[in-house]
Amino acid sequence: MNLFANVNCILMLLPNFDQSMRQFYFTPGPSQLYFTVEEHIKSALKENIPSISHRSDSFKDIFRSTSLALRQLLNLPQNYHILFTASATEVWERCIQNMVQFESCHFVNGAFSKRFASISAHLGRKATSIEAPHGEVVDIKSVLIPESCEMIAMTQNETSTGAAHTLDDVNKIRKGFPDQILALDVVSCAPYVNIDYSMVDTAYFSVQKCFGLPAGLGVWIVNDRCINKSEGLLNAGLSVGSYHSLPELILKAEKHQTPETPNVLGIYLLGKVAEDMLNKGLEMIRRETDYKAAVLYNAIEQNPILQPFVKKSVNRSKTTLVAATTIDSNHIIEKLGEKSMIIGSGYGNYKKEHIRIANFPTHPKEHVEFIADELIKIRD
Ligand SMILES: *Cc1c(COP(=O)(O)O)cnc(C)c1O
């Protein structure tokens with residue numbers, strides 16, 4: 001009798017326990033899932049999406065509708081193609097293999113842009129890095145780009161430092177270097193940032209940042225110029241890789257397929273979330289993001305133990321905010337963790353000296369305001 005009562009009691013408590021332990025991820029990717037993802041996963045399981053063949057018509061429909069939703073959301077011009085990869089890191093290697101024979105040039109505003117340059121060097125290309133001081137972006141007015149380089153790589157939003165290029169910077173580089181392939185990393189800012197994709201030749205992102213999806217899928221956007229370059233290398237007898245060569249990806253994408261067995265569930269979920277964002281409206285998402293970023297930066301500036309790591313306000317990321325701390329960042333992370341808010345530590349060497357807070361479309365403004373209130377109160 002007693003035992004039965006106890007078990008019952010525990011069972012009754014379980015949902016409450018679960019609720020009270022719920023944590024909210026403001027880490028800069030992976031992060032909190034977009035708020036509709038749970039429902040979409042349930043529907044996907046009901047529809048057996050993870051079991052369907054990637055050569056079936058059902059998969060082609062998923063491919064087609066995800067591409068269409070993304071195309072609308074990002075406002076992609078007609079001659080731009082959407083391809084699926086394992087992640088953004090893969091796209092770095094594919095960009096070099098397919099579009100650079102001799103030389104690439106990299107604007108380095110943090111660890112991610114630096115890694116792209118190192119991949120180019122690893123593949124035996126001449127990789128010129130133009131490095132900005134930490135917490136800044138490369139000053140494009142004084143930049144010296146070798147005319148001989150075939151690709152210029154920019155990272156619009158550096159997740160490691162929170163230093164973001166203005167779109168004006170990107171446009172100026174485009175105008176100054178019309179012959180080079182311009183590659184733009186939009187991993188932690190798309191679809192928030194309002195990019196005119198016709199200004200770049202290729203762009204890419206992973207889905208675990210602003211799209212709020214489980215990791216394991218990258219999106220690679222290319223125009224015809226990228227394809228021509230890759231085909232040119234191939235026709236000259238050079239290798240453009242075997243697993244995901246651009247011509248092979250394009251050939252399959254035309255049939256709404258991928259060369260390998262892809263992350264079917266991920267592609268399905270991305271399409272659903274892109275549709276949800278379209279229904280909500282990107283204008284609204286952008287307005288909310290701006291508001292939440294202002295609330296957080298304001299809190300960071302009010303507390304003497306914190307300050308924005310990026311000094312120039314025009315270059316402060318709105319989606320991945322980085323604050324320098326005078327105390328061990330762990331202390332701040334733990335304080336917020338006690339309130340179920342999980343924020344990120346600094347990147348690499350800045351682990352203890354910075355906190356990083358994601359401000360993605362899924363993060364509700366009430367939670368952001370709560371974090372801001374807590375940040376203001378924290379003392380050493
Ligand atoms: C996260 C991130 C990447 C790498 O993405 P993966 O999904 O780990 O391959 C590249 N660039 C930036 C700016 C990022 O934030």
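Counting convention: from 1, in listed order, for ligands and their atoms alike. The structure displayed is predicted, hence computed values, not measured ones.
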Shortest protein heavy-atom distance from [atom], along with the residue and atom involved:
atom	answer
atom 7 (O) of ligand 1	Ser206 OG, 2.6 Å
atom 8 (O) of ligand 1	Thr89 OG1, 3.7 Å
atom 1 (C) of ligand 1	Lys209 NZ, 1.5 Å
atom 15 (O) of ligand 1	Thr159 OG1, 2.4 Å

**Request:** Assert yes or no for the condition that the ring centre distance of Phe59 to His54 is strictly below 6.0 Å.
**Result:**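 Aromatic pair excluded; centres sit 6.0 Å or further apart.
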
**Item:** ligand 1 contact by Phe116, heavy-atom criterion under 4.0 angstrom
**Value:**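 Contact check Phe116 vs ligand 1: negative.
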
**Request:** Look at ligand 1 and say whether Val91 reaches it with a heavy atom at a distance under 4.0 Å.
**Result:**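 Val91 does not count as a contact of ligand 1 under the 4.0 Å cut-off.
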
**Request:** Would you mind running through ligand 1 and noting each atom that sits below 4.0 Å from a heavy atom of Asp185?
**Result:**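 Heavy-atom distances to Asp185 below 4.0 Å select 10 (C), 11 (N), 12 (C), 13 (C).
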
**Request:** Considering the heavy atoms of Asn157, write down every atom of ligand 1 situated less than 4.0 Å from one of them.
**Result:**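 Numbered from 1, ligand 1 contributes 13 (C).
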
Whether the side chain of [X] engages the backbone of [Y] through a donor-acceptor N/O pair (distance < 3.5 Å, no angle test) should be reported.
X	Y	answer
Asn263	Gly266	yes
Glu136	Ala132	no
Tyr80	Tyr197	yes
Thr202	Val222	no

I need the contact type for [X] against ligand 1. Using non-hydrogen atoms and a strict under-4.0 Å cut-off, is it side chain, backbone, both or neither?
X	value
Gln208	side chain
Thr320	neither
Trp92	side chain

**Prompt:** Phe116 vs Trp92 aromatic rings, parallel, tilted or perpendicular, using cut-offs 30° and 60°?
**Reply:**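 Geometry flag for Trp92 against Phe116: parallel rings.
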
**Request:** Return the orientation label for the His256 and Phe63 ring planes: parallel under 30°, perpendicular over 60°, tilted otherwise.
**Result:**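 Rings of His256 and Phe63: perpendicular, as their planes differ by over 60°.
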
**Asked** In this structure, are over 12 heavy atoms from other groups packed under 6.0 Å from Lys280 atom NZ?
**Response**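 Enclosed.
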
**Prompt:** Does the N or O separation between Phe112 and ligand 1 drop below 3.5 Å for any pair?
**Reply:**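 Such a contact does not occur with ligand 1.
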
